[in-house]
Amino acid sequence: MAHAAPRARRRAIERGGSSTDLFSARAHRAALVALPVLLGLVYGFWAAANRRYGGPVTGWNLLFGFLTALVFAVVLMTLMVVAPKLRREVHAAVWAAFCGSAVGFLFSQSGGSVLRSTAVALAVTAGVFAVMFYRFYTREDAQGHRVG
């Protein structure tokens with residue numbers, strides 16, 4: 001069975017073809033702030049809901065949720081800025097540590113033991129590291145430069 005040869009997308013764009021990028025540079029800059037804030041709010045709500053065990057919402061519970069959301073959003077924003085500048089091994093390890101600690105923290109808020117929370121966090125960290133390392137390894141050349 002015959003297949004068409006792949007062609008470089010870059011040549012089509014240089015000749016005046018359309019790009020698949022639907023949003024402007026301004027929209028992308030806004031997303032760099034809006035996405036971590038939105039994910040932080042979801043994470044903070046989730047942590048606060050786990051902590052109250054289905055009981056009534058209190059002022060301390062709201063404060064805990066907003067502080068958790070703030071910390072999550074700030075760490076995620078920092079990670080989105082700093083991590084792409086790292087080598088692929090460290091880049092993958094940083095993302096894995098962030099995801100593992102986030103899931104472990106959520107699990108600990110739901111009443112799990114420290115050992116079980118640690119085991120869940122380590123399992124998530126190992127899985128995320130494997131996936132992220134593969135992703136970064138397949139998108140870099142031999143010198144470690146990102147392939148566009």
Side-chain angles (χ1 to χ4, degrees), residues 6 8-10 12-14 16-148:
R9 188 173 146 291
R10 185 176 306 247
I13 293 171
E14 289 171 359
S18 65
S19 172
T20 57
D21 193 9
L22 299 176
F23 300 107
S24 66
R26 182 177 177 220
H28 284 284
R29 282 191 306 272
L32 284 176
V33 174
L35 183 66
V37 169
L38 180 64
L39 289 175
L41 288 173
V42 170
Y43 186 82
F45 174 76
W46 194 350
N50 282 353
R51 188 176 185 113
R52 66 184 169 92
Y53 303 113
V57 177
T58 63
W60 291 113
N61 189 256
L62 284 174
L63 180 65
F64 175 77
F66 282 118
L67 287 178
T68 303
L70 177 69
V71 169
F72 184 89
V74 167
V75 172
L76 183 57
M77 282 184 215
T78 305
L79 191 61
M80 289 173 71
V81 170
V82 173
K85 299 174 185 171
L86 303 172
R87 289 185 28 225
R88 61 183 163 209
E89 297 87 3
V90 180
H91 192 177
V94 168
W95 275 109
F98 174 71
C99 293
S101 61
V103 170
F105 179 73
L106 281 180
F107 190 82
S108 72
Q109 294 305 309
S110 65
S113 70
V114 173
L115 292 177
R116 196 161 181 202
S117 298
T118 304
V120 168
L122 288 175
V124 169
T125 300
V128 170
F129 179 77
V131 170
M132 296 306 272
F133 181 77
Y134 176 77
R135 180 181 186 273
F136 299 140
Y137 188 80
T138 57
R139 286 170 172 73
E140 290 181 354
D141 60 8
Q143 288 77 29
H145 300 98
R146 302 233 182 337
V147 178

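Among all heavy-atom pairs drawn from Ala121 and Gly100, the shortest one is CB-O, 3.3 Å. Of all heavy-atom pairs between Ala48 and Gly65, the closest is CB-CA, 3.9 Å. Annotation for Val128 and Cys99: closest pair CG2-CB, 4.0 Å, computed over non-hydrogen atoms.
Ring geometry, Phe129 versus Phe133: the interplanar angle falls under 30°, so the pair is classed parallel (tilted spans 30 to 60°).
Applying the salt bridge (charged side-chain N to carboxylate O under 4.0 Å, His left out) definition to pairs two or more places apart or across chains, none involves residues 125-134. Pairs of residues two or more places apart, or lying in two chains, that qualify as salt bridge (charged side-chain N to carboxylate O under 4.0 Å, His left out) and include a residue from residues 68-87 are Arg87-Glu89.
Contact of the Met80 side chain with the Leu32 side chain is registered, since non-hydrogen atoms from C-beta on lie closer than 4.5 Å. A heavy-atom distance below 4.5 Å is not found between the side chains of Tyr43 and Leu76.
Heavy-atom neighbours of Phe45 CZ from other residues, nucleotides or ligands within 6.0 Å: at or below the threshold of 12.
Within the model, atoms OG of Ser117 and CG of Leu115 stand 8.5 Å from one another, a figure rounded to the nearest 0.5 Å. Residue Asn61 holds its CG atom at 11.0 Å from OH of Tyr53, rounded to the nearest 0.5 Å. Put simply, CH2 on Trp95 and CG on Leu86 are 11.0 Å apart, with the number rounded to the nearest 0.5 Å. Rounding to the nearest 0.5 Å places CE of Met132 at 12.5 Å from OG1 of Thr125.
Formation of a donor-acceptor pair under 3.5 Å by the Asn50 side chain with backbone atoms of Gln109 is not found in this model.
With His91 as the partner, the ring-ring contact (aromatic ring centres under 6.0 Å, His included) test is satisfied by one option alone out of Tyr137, Phe98, Phe136: Phe136. Just one residue in the list Phe72, Trp46, Phe66 forms a side chain to side chain contact (heavy atoms under 4.5 Å, CB included) with Leu41, and that residue is Phe66.
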